[in-house]
Structure formats: C-alpha cells, structure tokens
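Below is one structure; the comments refer to it alone.
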Amino acid sequence: MPQQDKSEATTVTQREREPENRERENDDRYDAQRVEMKWSERWQKDPQLYAAERDSAKKKYYVLEMLPYPSGALHMGHVRNYSIGDALARYMWMNGYNVLHPMGWDSFGLPAENAAIQNNTPPRQWTLGNIAKMKAQMNRLGFAYDWSREVTTCLPDYYRWNQWFFLKFYEKGLAYRKKSKVNWCPQCATVLANEQVLANGCCWRHEDTLVEQRELEQWFLRITSYADELLRDLDKLEGWPEKVRTMQRNWIGRSEGTLIDFKLDYAENHKGFGPAGSSIGVFTTRVDTIYGATSVQLAPEHPMVADLASGNPDLRAKVDQLIAEQRKAKEAGDIGEIEKHGVFTGRYAINPFNHERIPVWIANYILMDYGTGAIMSVPAHDDRDYEFARKYNLEIRLVILPISNDPEETMTEPMLPFTAHDGMLINSGPYSGMDSADAIKTMSRFAEQNGFGKATVTFRLKDWGISRQRYWGTPIPMLYCEKDGIVPVPKQDLPVLLPENVEITLAGGSPLGRVPEFVNTTCPKCGGPARRETDTMDTFVDSSWYFYRYTDAHNAHAPFDSKVAQYWFPIDQYIGGVEHAILHLIYSRFWTKFMRDLGLISNDEPVERLFTQGMVIKDGAKMSKSLGNVVSPDEMVARYGADAARLYSLFAAPPDRDLDWQDSGIEGIQRFLGKVHRFFKNNPVSDNAGWQRPLPAQLSPSARSLQRKLHQTIKRVTDDFQGRWHFNTCISAIMELLNEANRRMLGSSDVVNPVTGEHVKGDEIPSGLLADVQRTLVLLLAPFAPYLAHELWESIGETENLLKAPWPQYDAALAKEEELEIPVQIDGKLRGRVVVPADAMEKSILDAALADEKVKSAIAGKSIVKTIYVPGKLLNIVMK
RNA sequence: GCCGGGAUGGCGAAAUUGGCAGACGCAGCGGACUUAAAAUCCGCAGGGGCCAAAAGCCCUGUGGGGGUUCGAUUCCCCCUCCCGGCACCA
C-alpha cells in the first residue's frame with residue numbers, strides 16, 4: 001500500500017521527539033491526530049465542499065442544529081448536538097439529497113456585557129473573538145457546515161432585519177407599548193434580568209439589597225393574536241415529540257369560560273367608587289357553580305385593591321404582605337405550594353344571578369396576570385377555594401350533585417370539594433336540575449343578554465415583552481417626538497446602528513441612554529428634535545427567524561428571498577436541547593405565522609421534524625464549573641481525536657436520553673477506531689480485486705456467513721437512520737461486523753496472525769468479499785467518524801468524494817439466515833433448542849423438539865395440551 | 001401540587017415493545033505475546049445452588065406489590081424513588 005509508506009514518512013519529526021517510538025517500526029497504532037489534521041486542512045481549503053446546491057434537481061433536505069451562543073468554548077452538549085446533526089447531514093448527502101446544513105451565532109446577550117465589565121473588552125470584540133475560537137473548534141471536530149451562509153446575529157446586516165420586522169409588527173398593530181414590571185436594584189440603579197436576582201430576592205451584586213419591582217413602558221409583540229392557531233397547529237406537528245407538543249399546549253393554556261361582573265354593593269361604598277370603577281370582572285370556567293359562590297377573591301395587585309385600601313393603612317399593610325408572599329413563592333418556583341392567606345376587605349359584591357351580597361377578599365393565591373385577576377370563590381366545587389374557605393370559615397354551599405349510572409349514587413351528597421364536570425345543578429334557582437354542560441351554555445347566554453357577562457376564551461399565553469434595558473442587543477427602531485409622539489424610524493433609515501465605544505457599566509439604567517449622539521435625533525415627520533428608544537430587543541427575537549436567513553444569507557434588500565426560502569422550508573429536521581421546548585420554539589412558530597401573513601413565505605410552520613436530545617452529564621450531575629465535573633471537548637479531541645469524541649457521544653446512550661460521560665468509555669471507542677484501521681492495514685486487498693459482490697454460491701460457509709453479517713449490518717444501520725435514531729445500536733452493529741470480519745480473516749490464508757506471525761489455513765475469504773466488507777465499513781462509518789472514513793477510503797484506492805458516495809444498499813436475500821436456532825419452551829420455560837432450516841414448518845420443528853433429550857425428559861409423564869409456534873422465534877409446548 | 005420522562009449486571013446500555021433478558025462497549029478476571037511493560041490477540045463473566053473442581057443441571061432475576069396471558073422488561077391496576085418543566089390557571 002503505497003499511501004501507507006508516504007504517511008509513515010510524515011511522522012518522522014514526531015518520532016524524533018519520542019525516542020522510544022523508534023523501536024516501534026511495526027507499531028500499527030492509528031495516529032488520529034496526524035490523520036485528522038491532514039483531512040481538516042484539506043477540507044478547509046475547499047469552501048464549496050459542504051455548500052448547498054442552487055437550482056438543484058435533487059430533493060432538498062434542510063437539517064439544522066440550534067445555533068450556539070458564543071460563550072467562548074464549545075461544551076459537550078454542543079458536541080453531542082452537532083454530532084447528531086452532522087451524521088444526519090452526511091447520511092442525506094450519501095443518499096443523494098441536496099442538503100442545507102448551516103451554522104451561525106446567537107451572539108447578542110447579557111454575558112457579553114458582563115465580560116465587557118470584567119475584562120474591559122468591548123462586547124463586540126469579545127463576541128467576535130469567541131466566534132473565531134468556536135468556529136475553529138467546530139472545524140477541528142470536522143462538522144460539515146456550509147460556512148458561506150454563516151449568520152451572526154449581532155452584526156448590522158442581520159439585526160437590521162429584526163428592526164425591519166419590528167416595524168412590520170408595528171404597522172400591523174402587533175407591536176405596542178404598555179407598562180410592565182421589571183426587577184430593579186436600587187444600589188445598581190438598573191434593571192436586572194431574572195437570572196441576576198438571587199433566590200432570596202436580592203441583587204446578584206449586592207447580596208443584601210432587596211430587588212424592587214418597577215413599572216416601565218415596554219414594547220410587546222401580540223403573540224396572543226396567534227394563540228388559537230399556535231395551539232391548533234400543534235396537532236399537525238406529527239414529527240415533534242409528544243412531550244414538546246404537550247408542554248406547548250399547557251403553555252398556551254386555552255380555557256373556555258365566562259366573564260361575569262360582580263357589582264360592588266353601593267351601600268358599603270357611600271363614599272363613592274375609586275378609579276377602578278364599581279364592578280369586579282371575574283373569569284370562571286364553571287359558571288354553573290355560581291349559586292355556590294360565597295365570596296369574591298382579588299389578586300393582591302388587582303387595581304380595585306388600591307381603591308379599597310385607600311384610607312385604610314391596616315388593609316394596605318396586609319395586602320403588601322400578601323404581595324411579598326406571592327412574589328417569594330413565584331421566585332422559588334413553588335407558587336403551587338403557597339400557604340394560602342387572605343384578608344377580608346370589609347366590602348361586599350352582588351352576585352348578578354341571585355343578587356346575593358357576598359364578601360370581597362384579597363388572597364395571595366390569586367394571580368393578576370391570569371384571567372382578570374379576580375375569581376368567584378365556590379368552596380364546594382374547587383379544591384383551592386375549599387381549602388381557603390375552611391381556613392377562614394367561609395360558607396360552603398353545595399350546588400352540584402354527581403350523576404351516576406348507578407341510581408343509588410345519583411343525588412347523594414358527594415365528598416367535598418366535588419369538582420367533577422359532569423354533575424347536575426341544585427340550589428340554583430331556575431337552573432336547578434340542569435346538567436353542568438347545559439347550564440354553562442344557558443347561564444352564559446343569560447349573562448350576555450342581561451349585560452353583565454359573556455362566554456369567552458382566555459389563554460395563559462401572554463404577549464411577548466421584547467424590551468430590554470441593555471446595550472448588547474438590537475436597537476428598537478422607534479423615536480419619541482415632543483410634537484408627533486411615537487414615530488417609527490423610516491425603513492430607508494435602517495439599520496439603526498448600535499453605537500460602538502459605549503461605556504458599559506451596570507449602573508444608571510440603559511447604557512444607550514447615556515450616548516447623546518445616539519439618543520438625540522430629528523423627527524422624520526416634523527424635523528423637530530426627537531429622542532431614540534434606548535431599549536434593545538430580547539435575544540429571542542434573533543433566534544425566531546435566523547433559519548430563514550440561512551437560505552439567503554447575503555440579501556441586502558430583504559430578510560431573504562421568498563422563492564429561495566420556499567424551496568428550503570420547512571426545515572426537515574431541527575435538533576436541539578429540550579430546554580428550548582417552549583420559548584424559542586413557540587416564538588419561532590409565531591414569527592413564521594406572522595411572516596406568512598406578510599406574504600413572505602407560504603409554510604405555516606417552520607419545522608417539520610424536531611428532535612430533542614438529552615443532556616450530557618458527568619457522575620450523575622449536570623456539568624458545571626462549581627461541581628468541577630466539566631469535560632472539555634478540546635481536551636477530548638487532543639487526547640482521543642475528533643472521531644472518537646463524536647463517536648462516543650453517539651455511542652454512549654440513545655440521543656434522546658441523558659448521557660453520562662465516562663472517560664474510560666471514550667477510550668474504548670479509541671480502541672475501536674484503531675481496530676478498524678488495523679483491519680485495513682493487515683488485510684490489504686490486491687489491486688485487481690475490485691469490489692464486485694461475489695455470488696453466495698461461490699462462497700464457503702464461513703465466507704457466506706461473513707457476507708450475511710455484512711448485509712444484516714447495512715440493514716440495521718440504515719433502518720436506524722430511517723427510524724428511531726438509536727445511533728448507539730448503529731455503532732454496535734458496525735462493531736459486530738468488524739469483530740466477525742476479524743475472526744474470519746484470522747482464519748483465512750490471506751493473512752498472518754498479527755501476534756504470532758503464524759499462517760493459519762482456514763476458510764478462504766475471497767478478496768472480492770473482503771473488498772466489499774472494507775468498502776461498506778467505510779461507508780457505514782462515514783456519517784459518524786468522517787476523518788477515519790476518509791483516510792481509509794483513500795487507502796483502498798477510492799477516488800470518488802466519500803461525502804457524496806452512495807450509501808450502501810443491502811440485499812434482503814443475502815441477509816437472510818439459512819438456519820435458525822429455535823428455543824423450545826415447556827409451559828413457558830426454556831428447556832432446549834433445535835436448529836432447523838429457516839423455512840422449516842411448525843410440524844418439523846415440533847418433531848425435532850420432541851426428539852431432543854432435554855425436551856423429552858421435561859415432558860415425560862405429561863400430555864401435550866397445545867403448542868404455540870411463533871415463526872422464526874420460538875416454540876412453546878403447553879403440558880398438562 | 002400539576003404535567004412530562006425515567007428505573008434492566010460493578011458501569012453505559014441492548015432486546016426495533018407480548019416470544020431465548022443482558023447484544024455492543026467500559027471496568028474486572030484468566031491466558032497468549034514480551035526480559036518487562038505498553039499495545040495487541042484469545043477466553044470467562046447477572047445472582048444463587050448442587051459439585052473438591054469442571055462439565056452439566058436446577059432455582060432465581062428487568063425499582064416494589066398484584067393482575068391478564070401458554071408466555072410480561074414490554075399490556076392493566078396500586079405503590080416507591082430519580083430527572084426535567086411549570087402557571088394554585090379559576
């Protein structure tokens with residue numbers, strides 16, 4: 001093998017550095033570092049290598065991995081994510097698809113500002129430096145990306161289109177301003193992100209300063225306008241994990257119910273009503289229980305509370321305490337377990353159905369941001385209301401009885417609270433006797449006809465607040481003019497550039513507000529002085545549509561060309577961590593629907609198939625600096641090579657499960673790669689061998705068995721790619737093929753035993769079959785271990801580009817077993833085995849089984865009741 | 001508390017989901033090669049018992065308990081523990 005000699009020569013310098021290696025003239029260890037560097041250099045010289053084809057007649061395939069935040073270095077989760085995507089991209093190339101496999105950088109965000117303060121480096125410089133480092137890591141790992149389409153979200157040629165989209169949202173009435181709460185640290189005098197608020201509610205930099213809530217005017221996108229469609233279309237996403245669809249369904253949280261107005265009792269309000277008005281709007285899904293309402297409960301932050309507490313410092317103080325309890329529970333994430341507290345306001349409201357006067361309470365378990373922030377409390381038919389009523393001795397009134405198929409049970413008093421939805425009304429005036437479903441409809445209609453309510457649908461989903469009081473993000477392209485008010489930046493003036501050389505401190509509010517040349521501008525309407533918006537956009541804006549930009553990454557006139565996007569979309573396979581199951585994936589879906597309504601695209605959904613991979617953990621815990629269990633990809637690549645790191649991340653667990661990283665495991669993979677390499681080196685195929693598949697009739701039983709294994713392996717690997725993506729079993733199958741081939745070749749006269757040097761005469765493996773096995777091994781390995789695969793491909797004299805070489809096909813007839821070993825069970829217990837021809841009938845198998853000594857002794861003295869034969873699998877004889 | 005996902009040898013896992021439990025790999029043990037080691041190759045290996053040992057045979061075993069079935073890791077009911085998500089959603 002001439003290539004072998006050449007490559008030996010290139011390692012001379014390395015050998016001189018390690019003298020003991022000189023003795024290893026016959027050392028056949030695989031030098032992964034040398035081979036990988038060689039190919040990496042070659043690949044990077046050809047920028048067109050992984051480029052998607054334009055105007056291709058092939059079928060398209062868009063495979064995408066979630067783009068990383070350029071934190072400075074890849075972690076093992078990235079390696080796993082990209083190894084999955086890269087294997088798929090390579091497999092699809094080999095199957096003749098026009099593959100789009102791009103990569104980019106989600107490069108705006110908080111860490112760049114933190115780094116700027118710590119290292120006194122401008123965010124842009126820090127970010128672009130990290131991108132360069134991580135890109136080099138990706139190239140070293142051998143990921144096949146079309147870098148000509150690279151998207152970097154922090155650059156103006158990308159974020160100008162964020163601004164463009166924002167103006168489109170504004171034009172369509174889907175972007176609006178409203179007051180909203182932010183975390184405010186009085187020491188820093190600035191807004192904090194949630195992650196900058198410690199668990200005890202204090203500032204991350206001032207651990208004894210309590211974070212306050214402040215109201216600021218902020219921009220919102222009206223995602224709720226699409227709530228119904230976002231929910232409905234989840235049913236169409238059959239290529240998504242059911243888990244993610246369920247999570248999104250719950251997140252959108254549609255519920256049908258009724259709005260009912262409870263008027264405050266005027267007699268109690270002789271002073272008149274406050275700014276919040278004279279009635280409390282309540283949302284309920286169970287208007288049928290309204291005759292059982294014995295109080296109205298307000299969220300502590302409900303506008304009415306301010307009216308009721310004005311001039312009542314005692315009440316005000318109690319309310320403030322409820323607010324504090326609620327906030328604490330929310331921050332700790334256990335709002336579901338809050339210890340229920342409430343306070344009676346001293347006022348009453350009127351139930352519009354029975355004109356009953358019921359007390360108005362304020363309670364810490366009522367949330368302002370769901371429904372109307374007020375409920376009617378029906379203790380007999382709601383768990384939480386029941387618990388609250390028991391605690392404060394409020395009346396509990398039964399108004400629903402169970403309906404049962406068993407007449408005995410119907411009309412008996414149920415255990416309280418009785419929350420089933422299919423009951424019958426009692427004590428409910430004219431509605432008594434109706435079933436719940438009918439009553440809900442009839443009572444909603446009655447409320448609507450009488451002007452005190454209506455049937456309605458509410459969502460848990462809230463509008464998307466996109467304003468951030470930070471520097472490193474897309475400037476929101478809006479102006480504030482004294483004369484004309486809020487004025488959008490004209491589209492021809494985009495992009496609104498993020499100024500450079502801004503001093504980043506964490507104090508004093510939004511950094512852009514301190515740059516006069518940014519803030520001060522002129523109004524495009526009146527020419528008078530105007531102020532720019534100084535908030536920037538949430539980085540989820542960037543990631544909501546970046547995958548469209550990949551299709552046309554250098555378009556200077558539009559976010560992308562519609563025709564080009566139409567060709568590539570929807571994304572055929574999207575791969576990423578399950579932590580993005582809600583926010584990123586719901587915003588992306590929203591953005592797609594908005595773009596469709598603008599006429600930019602014609603798909604309703606961005607992603608056809610979604611795959612959520614498991615986490616990479618170490619010693620049973622998530623990798624983190626504080627635990628000291630971080631595994632660095634660079635170190636793994638330096639020690640074992642990129643192929644080994646990639647292969648191990650696919651082999652150690654099925655990709656949807658968590659992966660517990662073990663260094664000893666990757667050593668095993670390194671051994672396997674060396675074994676593959678040695679198999680080729682020890683079994684060179686003579687030049688004229690070719691790789692025509694030998695016919696089975698020409699083969700000895702031993703050779704035939706190797707051929708069978710070969711075709712079975714192709715089938716297993718192919719099936720797993722088509723189906724469930726259990727790459728761990730794909731790789732096991734390839735290992736088995738190699739083991740089998742090694743065993744057979746060791747017995748073949750073609751080769752000497754590498755250890756003993758003996759020639760062992762055994763079964764002849766014809767070189768045609770050997771060539772077939774070697775060629776197929778390379779092809780099967782190509783998606784998983786591209787470096788070694790390319791090296792071996794070249795070493796067997798192939799000149800075609802392995803990247804586009806056709807994926808091997810298996811022959812079902814050659815894969816079929818000729819003989820089967822059928823386990824024989826007596827009463828379900830294994831008692832023997834018989835070897836039969838693959839096409840044997842049940843009768844002959846039974847005869848063979850009954851002739852077996854062990855079976856004979858097991859059935860002695862009993863009689864056969866029946867036999868069950870599962871073709872090709874098992875024979876069970878049932879005795880009596 | 002709710003929703004979702006899990007639990008299989010010393011470890012990661014497999015059994016394409018009613019049909020031989022533990023493929024493949026790690027760690028381990030024994031052997032070959034070597035002055036020795038590394039590397040490599042071959043073999044053993046769920047647990048327990050019968051047995052001096054081996055061969056062989058038997059019992060038992062997929063978080064726990066029950067059920068359906070000729071047969072259950074797989075289906076049904078109950079329970080325990082672990083991971084992820086969350087919003088007491090009216």
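Just so it is clear: chains get the letters A, B, ... in the order the sequence lines come, proteins before strands, and each one is counted from 1.
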Problem - Euclidean distance, atom CG of residue A:Leu875 to atom P of B:rC70 [Å, nearest integer] - result: 16 Å
For residues 668-675 of chain A, tabulate all N or O donor-acceptor pairs below 3.5 Å that involve a side-chain atom, not counting sequence neighbours.
| from | atom 1 | to | atom 2 | distance (Å) |
| --- | --- | --- | --- | --- |
| A:Lys675 | NZ | A:Asn739 | OD1 | 3.2 |

Practice task
Return no unless some side-chain N or O of A:Lys829 is found under 4.0 Å from OP1 or OP2 of B:rU60.
Solution key: yes
Practice task
Could you say whether A:Met615 or A:Thr284 is positioned toward the 5' end of RNA chain B, judged by the nucleotide with the nearest heavy atom to each?
Solution key: A:Met615
Exercise for the section: For B:rG65, decide between syn and anti, treating a glycosidic angle within 90° of 0 as syn. Expected result: anti
Completion exercise
Rounded to whole Å, CZ of A:Arg245 lies from C1' of B:rC86 at a distance of 20 Å
Problem - Position toward the 5' end of RNA chain B (nearest nucleotide), A:Glu242 or A:Ile731 - result: A:Glu242
Handout entry: Flag for A:Tyr365-A:Glu387: side-chain donor and acceptor within less than 3.5 Å
Key = no
Exercise for the section: Counting heavy atoms from C-beta on, name the nucleotide in B:rA90, B:rA27, B:rC3 closest to the side chain of A:Leu367. Expected result: B:rA90
Problem - OP1 or OP2 of B:rC41 under 4.0 Å from side-chain N/O of A:Arg678 - result: yes
Handout entry: Distance between C1' atoms of B:rU17 and B:rC11 (Å, rounded)
Key = 25 Å
Fill in the blank from the handout: From the candidates B:rA90, B:rC26, B:rG25, the one with an atom nearest any side-chain atom of A:Lys675 is B:rG25
Practice task
Would you check if there is a donor-acceptor pair between the side chains of A:Thr246 and A:Gln248 at a distance under 3.5 Å?
Solution key: no
Handout entry: RNA chain B: stems of at least 3 consecutive Watson-Crick or G-U pairs whose donor-acceptor distances fall under 3.5 Å
Key = B:1-7 with B:80-86, B:10-12 with B:24-26, B:28-32 with B:40-44, B:46-50 with B:56-60, B:63-67 with B:75-79
Exercise for the section: Compare side-chain N and O positions of A:Arg671 against OP1 and OP2 of B:rA27 and report whether any pair is under 4.0 Å apart. Expected result: yes
Handout entry: P gap between B:rG63 and B:rA7, integer Å
Key = 8 Å
Problem - Stepwise side-chain contact (heavy atoms from CB on, under 4.5 Å) check, A:Val676 with A:Tyr30 - result: CA-CA 9 Å; A:Val676 175; A:Tyr30 171 51; over 6 Å; no
Fill in the blank from the handout: From CE of A:Met735 across to C1' of B:rG12 the rounded distance in Å is 12 Å
Problem - Interatomic distance at C1', B:rG18 relative to B:rC75, whole Å - result: 8 Å
Handout entry: A:Ser664 side-chain proximity, nearest of B:rA27, B:rA90, B:rA23
Key = B:rA27
Practice task
Give a yes-or-no answer on whether the side chains of A:Gln712 and A:Glu817 include a donor-acceptor pair shorter than 3.5 Å.
Solution key: yes
Exercise for the section: Would you mind classifying the nucleic acid contact of A:Arg831 as base, sugar-phosphate or nothing, using non-hydrogen atoms under 4.0 angstrom? Expected result: sugar-phosphate
Problem - Closest to side chain of A:Val878, choosing from B:rC89, B:rG25, B:rC70 - result: B:rC70
Handout entry: Nearest-Å distance once atom P is located in both B:rA13 and B:rC20
Key = 22 Å
Practice task
Give the rounded distance in Å between these two atoms: CD1 of A:Ile864 and P of B:rC70.
Solution key: 17 Å
Handout entry: Check: A:Ser255/A:Thr285 side-chain N/O donor and acceptor closer than 3.5 Å
Key = no
Handout entry: Ring centers of A:Tyr640, A:Tyr648 separated by less than 6.0 Å
Key = no
Problem - Nucleotide B:rC41, atom P - distance to CE of A:Met745 in whole Å - result: 15 Å
Exercise for the section: Please state the P separation for the pair B:rG12 and B:rG49 - nearest whole angstrom. Expected result: 26 Å
Practice task
Go through the side-chain N and O atoms of A:Arg744 and A:Ser705 and say whether any donor and acceptor fall under 3.5 Å apart.
Solution key: yes
Problem - Any donor-acceptor N or O pair under 3.5 Å, side chains A:Arg397, A:Thr294 - result: no
Practice task
Evaluate the ring planes of A:Trp361 and A:Phe388, with Trp represented by its six-membered ring, and classify them as parallel (under 30°), tilted (30 to 60°) or perpendicular (over 60°).
Solution key: perpendicular
Practice task
Round to the nearest Å and state the distance from A:Arg249 atom CZ to B:rC86 atom C1'.
Solution key: 17 Å
Exercise for the section: Scan side-chain atoms only and decide if A:Ser377 and A:Asp382 contain a donor-acceptor pair under the 3.5 Å cut-off. Expected result: no
Exercise for the section: Would you mind reading off the distance between A:Leu647 atom CG and B:rC26 atom P, rounded to a whole angstrom? Expected result: 12 Å
Handout entry: C1'-based separation of B:rU80 from B:rC24 [nearest Å]
Key = 32 Å
Exercise for the section: Any chance you could list the contact pattern along nucleotides 13-19 of chain B? Use B for base contacts, S for sugar-phosphate-only contacts and - for none, protein heavy atoms under 4.0 Å, 5' to 3'. Expected result: SSSS--B
Practice task
Counting heavy atoms from C-beta on, name the nucleotide in B:rA23, B:rA90, B:rC86 closest to the side chain of A:Trp251.
Solution key: B:rC86
Handout entry: P spacing across the pair B:rG48 / B:rG10, given as an integer number of angstrom
Key = 10 Å
Handout entry: Whole-Å gap separating C1' (B:rC24) and OH (A:Tyr648)
Key = 13 Å
Practice task
Provide the distance between the two P atoms, one in B:rC29 and one in B:rU34, to the nearest whole Å.
Solution key: 23 Å
Exercise for the section: Determine, stepwise, if the pair A:Leu737 / A:Leu777 fulfils side-chain contact (heavy atoms from CB on, under 4.5 Å). Expected result: CA-CA 8 Å; A:Leu737 174 61; A:Leu777 259 175; 4.1 Å; yes
